[in-house]
Amino acid sequence: MKITARDQQIFTAVMGLYCDNEGSPVASSKIAKQKGMAVCSATVRNVMARLEREGLLYSPHTSAGRVPTEAGFKYWFEEFFELSQIATYWQPQQHQLVEFAHGLSQKYQVCCCVGLPQASSRLVFRVEVLGFDSESWLVLLIDKAGQSHNICIKKPNNDSDALRYQFAAWMNTVFSQQTLIEGLHRMRAMAHSAPSECHDQLAQWTRELSQQLGTDNTIVVGERYLYQSLELESELNIGVPFLHQVEDKLAFKNGISVLYANELSTLNLEESLVISLPYFTEGEYQSRFCIICPVYAPIEAIIGEFSQIETIGS
């Protein structure tokens with residue numbers, strides 16, 4: 001793009017004035033009156049017309065001022081923010097996640113959706129299977145610290161110590177150095193390699209383990225702000241499915257990322273953004289902290305809050 005330093009200055013002024021929680025078209029006269037903007041309205045109009053030809057701005061109707069296009073937002077994020085460098089490998093405590101979500105939601109009137117760390121995200125070091133009583137085996141899923149999740153499953157019909165040892169060896173192959181939730185996925189995927197005497201009950205055992213370990217969970221705060229600002233009538237699917245879609249879109253991306261909400265079928269919202277940041281525990285990925293907001297929300301200020309996260313998490 002043929003964008004001069006003056007063009008960039010005026011473009012960023014348009015973005016700043018548009019993203020003020022109002023989303024009104026920005027007039028050239030308003031830009032010219034900005035502090036530090038030593039240009040006349042005619043010059044601003046010429047620059048805005050050039051930015052419109054470049055596809056960064058458009059005019060909703062004649063003499064309405066300009067608003068940013070989707071390409072304009074993408075250019076703004078790419079050229080004016082080092083998003084991937086903000087809050088890399090954030091490692092908060094759970095109470096910090098919740099406090100930060102509530103604080104951002106109230107301050108900027110936005111919706112926050114946060115995946116909470118679960119027992120299912122713990123890393124398994126080894127598995128032991130013990131005889132518990134006449135009807136049950138006791139499965140111990142043990143982490144490196146020696147803590148275990150103890151779960152009873154129904155014995156197979158032809159129970160024996162040899163079979164229990166075989167099943168324990170198979171469980172160690174499945175779970176070793178995996179998170180609990182990943183181990184459950186691997187139990188399903190590797191079912192054919194389990195001892196044949198266990199096949200009939202393996203699906204039931206997998207369900208029991210999944211239920212007792214708990215499922216992925218989220219907190220959602222400020223949902224009402226989203227409904228009010230976008231005048232929505234139908235209910236949005238904000239929660240675990242939403243976070244899974246965000247994770248699929250942003251796999252392996254650290255720092256802040258920005259998605260258009262219409263890229264996600266769980267939302268399918270126009271004129272809305274998802275600002276997302278992954279967080280970790282002892283270097284292991286846990287989930288994502290997401291903000292869902294209209295495109296005209298005070299995005300620059302929100303990103304400024306995220307840039308302070310290292311301090312908050314320390």
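Under the 6.0 Å cut-off for aromatic ring centres, Phe289 and Phe100 qualify, their centroids lying closer than that. Between Trp76 and Phe81, a ring centre-to-centre spacing shorter than 6.0 Å is recorded. Trp205 and Phe167 have their aromatic ring centers within a separation under 6.0 angstrom.
A donor atom on one side chain and an acceptor atom on the other are not found under 3.5 Å apart for Glu70 and Tyr75. Side-chain atoms of Tyr108 and Glu305 form a donor-acceptor pair, as typed in the model, at a separation below 3.5 Å. Checking Glu52 against Ser59 by side-chain atom types alone, no donor-acceptor pair falls below 3.5 Å.
The number of heavy-atom neighbours closer than 6.0 Å to CZ of Phe125, taken from other residues, nucleotides and ligands shown, is 12 or below. Sparse packing is recorded around CD of Glu235, with 12 or fewer heavy atoms of other residues, nucleotides or ligands lying under 6.0 Å away. No more than 12 heavy-atom neighbours from other residues, nucleotides or ligands sit within 6.0 angstrom of CZ on Arg6.
A distance-only check finds no donor-acceptor pair linking the side chain of Thr88 to the backbone of Ser84 [under 3.5 Å]. Here the side chain of Gln178 pairs no donor or acceptor atom with the backbone of Leu123 at under 3.5 angstrom. Side-chain atoms of Gln34 do not come within 3.5 Å of backbone N or O of Ala13 as any donor-acceptor pair. Judged purely by atom type and a 3.5 angstrom limit, Ser105 has no side-chain atom pairing as donor or acceptor with the backbone of Ala101. With hydrogens and angles disregarded, a donor-acceptor distance shorter than 3.5 Å links the side chain of Ser272 to the backbone of Glu270. Checking side-chain atoms of Thr12 against main-chain N and O of Gln9 turns up a donor-acceptor pair under 3.5 Å. Between the side chain of His199 and the backbone N or O of Ala194 there is at least one donor-acceptor pair closer than 3.5 Å. Arg45 places no side-chain N or O within 3.5 Å of a backbone atom of Ser28 that could act as its donor or acceptor partner. With hydrogens and angles disregarded, a donor-acceptor distance shorter than 3.5 Å links the side chain of Arg288 to the backbone of Leu250. Proximity of a side-chain donor or acceptor of Thr69 to a complementary backbone N or O of Leu56 within less than 3.5 Å is detected.
Contact record, Asp133 with Lys155: O-NZ, 2.7 Å, taken as the closest heavy-atom pair. Taking each heavy atom of Met37 and Ile31 in turn, the nearest pair found is CG-O, 3.5 Å. The nearest pair of heavy atoms linking Gly115 to Leu97 is O-CD1, 4.4 Å. Nearest heavy atom pair, residue Ser276 against residue Cys290, reads OG-SG, 3.4 Å. Between Cys152 and Glu208, the closest heavy-atom pair is O-OE1, 3.9 Å. Between Ile86 and Leu277, the shortest heavy-atom distance links the atoms O-CD1, 3.8 Å.
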Practice item. Go through the steps to decide whether Arg126 and Glu128 satisfy the test salt bridge (Lys or Arg N to Asp or Glu O under 4.0 Å), and finish with yes or no. Key: CA-CA 7 Å; Arg126 74 178 190 276; Glu128 295 182 7; 3.1 Å; yes
Practice item. Would you sort out whether Lys154 and Gln201 count as a side-chain contact (heavy atoms from CB on, under 4.5 Å), showing the intermediate values? Key: CA-CA 8 Å; Lys154 187 177 179 181; Gln201 288 177 273; 4.0 Å; yes
Point to revise | Stepwise side-chain contact (heavy atoms from CB on, under 4.5 Å) test for Phe242 and Val274 | key: CA-CA 11 Å; Phe242 160 74; Val274 176; 3.9 Å; yes
Review point. What's the verdict on side-chain contact (heavy atoms from CB on, under 4.5 Å) for Cys113 and Glu223, showing C-alpha distance, side-chain angles and the deciding distance?
Key: CA-CA 9 Å; Cys113 179; Glu223 202 171 359; over 6 Å; no
**Study point:** ring-ring contact (aromatic ring centres under 6.0 Å, His included) between Tyr279 and Tyr89, worked out
**Key:** CA-CA 6 Å; Tyr279 70 89; Tyr89 295 102; over 10 Å; no
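By the rule that hydrophobic residues join a cluster once side-chain heavy atoms approach within less than 4.5 Å of another member, Tyr225 and Leu273 end up as members of separate clusters. Cluster annotation: Ile142 is not connected to Ile153 through the hydrophobic network of ILVMFWY side chains, with a link wherever side-chain heavy atoms come within less than 4.5 Å.
Annotation: side chain of Thr206 is in contact with side chain of Met187 (closest heavy-atom distance under 4.5 Å). At least one side-chain heavy atom of Leu264 sits under 4.5 Å from a side-chain heavy atom of Val246.
The pair Asp7-Arg50 meets the salt-bridge criterion, since a charged nitrogen lies less than 4.0 angstrom from a carboxylate oxygen.
A distance of 10.5 Å separates CD of Glu231 from CD of Gln228, quoted to the nearest 0.5 Å.
Ring pair Phe73/Tyr18 is perpendicular by interplanar angle, where above 60° counts as perpendicular and below 30° as parallel.
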